[in-house]
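Accompanying notes for the structure given below.
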2 protein chains.
Amino acid sequence: MRQGTKHKIMDSAERLFAERGFSDTSLRLITSHAEVNLASVNYHFGSKKELIQAVLMRYLEAFMPQLDRAMQAHLDSEQAPSLDDIFNAFVEPLLSMNEQRKHGTSLFLLLLGRGYTDSQGHLRKFITHHFGEVLDRFQAAVRRAYPQLTEAEMFWRLHFTLGTVVFTMASSAALRDIANADFNEQVNVETLIRKVIPYLAAGVGAPIQQQ
Amino acid sequence: MRQGTKHKIMDSAERLFAERGFSDTSLRLITSHAEVNLASVNYHFGSKKELIQAVLMRYLEAFMPQLDRAMQAHLDSEQAPSLDDIFNAFVEPLLSMNEQRKHGTSLFLLLLGRGYTDSQGHLRKFITHHFGEVLDRFQAAVRRAYPQLTEAEMFWRLHFTLGTVVFTMASSAALRDIANADFNEQVNVETLIRKVIPYLAAGVGAPIQQQ
DNA sequence: GTCTATAGTCGGATAGAC
DNA sequence: GTCTATCCGACTATAGAC
């Protein structure tokens, strides 16, 4: 089955963006990997910036509705969810990115991390603008699990959590190599996600400090 | 008091590197901010790569010996330290970066984060090569606080921790603006560090999962 | 040690033929 | 939609005068 030029560009671009960051990935590199003509990027996407957004959007549009359904369920349930429940609700939507595309889960998280640290946070605004309500419902679910947490404290702890995840993924290839060499541990994305969840849940659920 | 060209370059470079990342910061931008000649970078540092290493090294050489003393104390003490003790030992060395230079603490952590995500991990090797023993003693202190944790599990949790900290700092300016606007909270670097420590200690100290 | 001037490379983008 | 050929700006690095 022949793949269209537009999709070939996006598939090569996402891999290279994840590996090298946005500004270290040139259009020439992308088009040579995709085996398409340089000018086709501008024909199909208009500019490099719009290509970046298209690549990220393809994942977000698949991921966010799944996450939203899971959070909605935690808000509607009779019993208040635990923090472990809430963070475990991320596992399936994240892993489903792997069915959509090879290495989809890590690519998605890597791109997310790049988006939050590269390019002065332009992509941060892009995400919160398009998916703000989903993030709000996530926050509401956490509140239900740990009502004593003030809104401000929750704000900080959820950003700590985001940092943990995206940084881990950004370094995951290197870290998995080290783990393999030093501990003879074969770690795939799924076990890594299952490793990080208790850490996150414990962090968000840490006792409240007096300031 | 007149500042030498070499130091003017490093001071401008560290601020711009932290704000924009290494590859999005050109030597032209650095030298124009520093109000020195473009060619002086190559005269004093040889290349852009060596400038990056010099900037990071200046912080690491001030930070690492302090951290090492604190970890040594935790290893020598009669009583085993708690995880909270260990992570609190980072506070003073980190804050002392602020005395050395204005905004030194956040700049240092920002640079560290850039070094771990930019440039395919070259800087990661640079750091572990020069300061591997300090990191080993840190690891030994954590082991003393939580002996049940396997070496492999500790490896992962400490990297989660690094991710939490560097990502938080990488976004700290934006996050502090939001917190100020939404919760009327004035957060400086010190309160942010003191906020993150319970999160980290709880995460590293999370119950051990059966795989 | 500092400057100007420039070599040499690589980047994004586009015009215009097919 | 796809291609070649280029434009033009920005970059690192260096040679050589002062």
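All chains are named by letter (A, B, ...) in the order of the sequence lines, taking the proteins before the strands, and each is independently numbered beginning at 1. This one's a predicted model, so the numbers in the text were calculated from it and none came from an experiment.
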Table please: side-chain donor-acceptor pairs of residues 132-141 of chain A below 3.5 Å, with sequence neighbours left out.
| unit_1 | atom_1 | unit_2 | atom_2 | d |
| --- | --- | --- | --- | --- |
| A:Arg137 | NE | A:Asp68 | OD1 | 2.7 |
| A:Arg137 | NE | A:Asp68 | OD2 | 3.4 |
| A:Arg137 | NH2 | A:Asp68 | OD2 | 2.9 |

Given atom [atom1] of [X] and atom [atom2] of [N], what is their separation to the nearest angstrom?
X       : N      : atom1 : atom2 : answer
B:Ile9  : D:dA13 : CD1   : P     : 13 Å
B:Leu27 : D:dA13 : CG    : C1'   : 9 Å
B:Ile30 : D:dA13 : CD1   : C1'   : 14 Å
A:Lys48 : D:dG9  : NZ    : C1'   : 15 Å
A:Phe45 : C:dT14 : CZ    : P     : 16 Å
A:Leu29 : C:dG12 : CG    : P     : 10 Å
A:Asn42 : C:dG12 : CG    : C1'   : 7 Å

Report task. Give the intermediate values and the outcome of ring pair (Phe, Tyr, Trp, His ring centres under 6.0 Å) for residues B:Phe160 and A:Tyr199. Result -> CA-CA 8 Å; B:Phe160 298 159; A:Tyr199 180 97; 5.3 Å; yes

Query - Ion pair A:Arg114/A:Glu19, N-O distance below 4.0 Å - result: no

Query raised in the report: Considering residues, nucleotides and ligands other than B:Glu92, do more than 12 of their heavy atoms fall under 6.0 Å from its CD?
Result: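 It does not: B:Glu92 CD has 12 such atoms or fewer within range.
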
Query raised in the report: Between A:Lys6 and A:Phe45, is NZ or CZ placed under 6.0 angstrom from the six-membered ring centre and within 45° of the ring axis?
Result: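 The answer is yes, since A:Lys6 meets both limits relative to A:Phe45.
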
Query raised in the report: By side chain to side chain contact (heavy atoms under 4.5 Å, CB included), which residues pair with B:Ala70, not counting sequence neighbours?
Result: B:Ala89

Query raised in the report: At under 4.0 Å, does any side-chain N or O of A:Ser26 touch on OP1 or OP2 of C:dG11?
Result: yes

Query - Reading 5' to 3' through nucleotides 1-7 of chain C, protein heavy-atom contacts under 4.0 Å coded B for base, S for sugar-phosphate only, - for none - result: BBBB---

